[in-house]
Participant: 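There's a structure below that I have some questions on.
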Amino acid sequence: MWLNVSILLALLMVGLIDGWIEPRMKKIRITIAERQDQGNDIPAEFGLQLKKIVPIEMAAMLLMIAVLVLMVVKPF
């Protein structure tokens, strides 16, 4: 049972990273690349886009910790 839950959580984590975080990171990279020629100022859109990614990234990290705990402890 713990192995099935671990695999399910790992797949969910990969889906979050590949499907939700990565496309938003590409937008941020494009925004930074476009603004790089204009100087060292950080664009306002960068902060807004980053604030949208942080909770999703935190959820992916928590899923990774849950998978690790399940693999080590094997509770059920």
Side-chain angles (χ1 to χ4, degrees):
M1 182 70 173
W2 62 268
L3 185 60
N4 292 335
V5 173
S6 297
I7 291 171
L8 180 66
L9 290 177
L11 289 174
L12 183 62
M13 180 183 60
V14 170
L16 269 176
I17 292 171
D18 286 342
W20 213 331
I21 295 174
E22 189 61 30
R24 285 163 177 78
M25 287 301 293
K26 285 181 184 179
K27 288 180 185 178
I28 289 174
R29 277 186 243 136
I30 290 170
T31 302
I32 291 174
E34 289 173 351
R35 301 286 179 113
Q36 196 171 24
D37 297 334
Q38 297 176 357
N40 291 334
D41 295 338
I42 298 173
E45 300 119 25
F46 176 74
L48 294 174
Q49 290 173 346
L50 207 57
K51 284 182 182 179
K52 291 179 182 178
I53 292 176
V54 169
I56 302 164
E57 188 176 356
M58 186 64 68
M61 286 184 213
L62 290 174
L63 283 173
M64 182 173 53
I65 291 170
V67 168
L68 181 68
V69 168
L70 284 172
M71 290 293 192
V72 171
V73 177
K74 301 175 189 171
F76 41 88

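Being a predicted model, the structure only gives us computed values, none of them experimental. For the single chain, residues carry numbers from 1 onward in sequence order.
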Participant: Linking I/L/V/M/F/W/Y whenever any side-chain heavy atoms sit under 4.5 Å apart, do L8 and L11 land together?
Facilitator: no
Participant: Can you tell me how far the CE atom of M71 sits from the CD1 atom of I7, to the nearest 0.5 Å?
Facilitator: 6.5 Å
Participant: In Å, rounded to the nearest 0.5 Å, how long is the span from CG of L62 to CE of M13?
Facilitator: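 Those atoms lie 11.5 Å apart.
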Participant: Please check if V67 and M61 belong to a single hydrophobic cluster, counting links between Ile, Leu, Val, Met, Phe, Trp and Tyr side chain heavy atoms closer than 4.5 Å.
Facilitator: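 No, V67 and M61 fall in different hydrophobic clusters.
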Participant: Between E22 and R29, what is the shortest heavy-atom contact and its length?
Facilitator: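 Here E22 and R29 meet closest at OE2-NH2, 3.0 Å.
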Participant: Please step through side-chain contact (heavy atoms from CB on, under 4.5 Å) for the pair I65 and V69, ending with a clear verdict.
Facilitator: CA-CA 6 Å; I65 291 170; V69 168; 4.3 Å; yes
Participant: Please answer: with hydrophobic residues joined when any side-chain heavy atoms are less than 4.5 Å apart, are M25 and M58 in the same cluster?
Facilitator: no
Participant: Taking all atoms of both residues into account, what is the closest heavy-atom pair of L70 and S6, and its distance?
Facilitator: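 Between these two residues, the closest heavy atoms are CB-OG, 3.2 Å.
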Participant: Could you please spell out the steps behind the side-chain contact (heavy atoms from CB on, under 4.5 Å) verdict for L9 and M64?
Facilitator: CA-CA 8 Å; L9 290 177; M64 182 173 53; over 6 Å; no
Participant: Establish whether V5 and L68 are linked, either directly or via other cluster members, by ILVMFWY side-chain heavy-atom contacts under 4.5 Å.
Facilitator: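 No, V5 does not connect to L68 through the hydrophobic network.
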Participant: Could you tell me the separation between the CD atom of E57 and the CG atom of L50, rounded to the nearest 0.5 Å?
Facilitator: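 So the gap between those two atoms works out to 8.0 Å.
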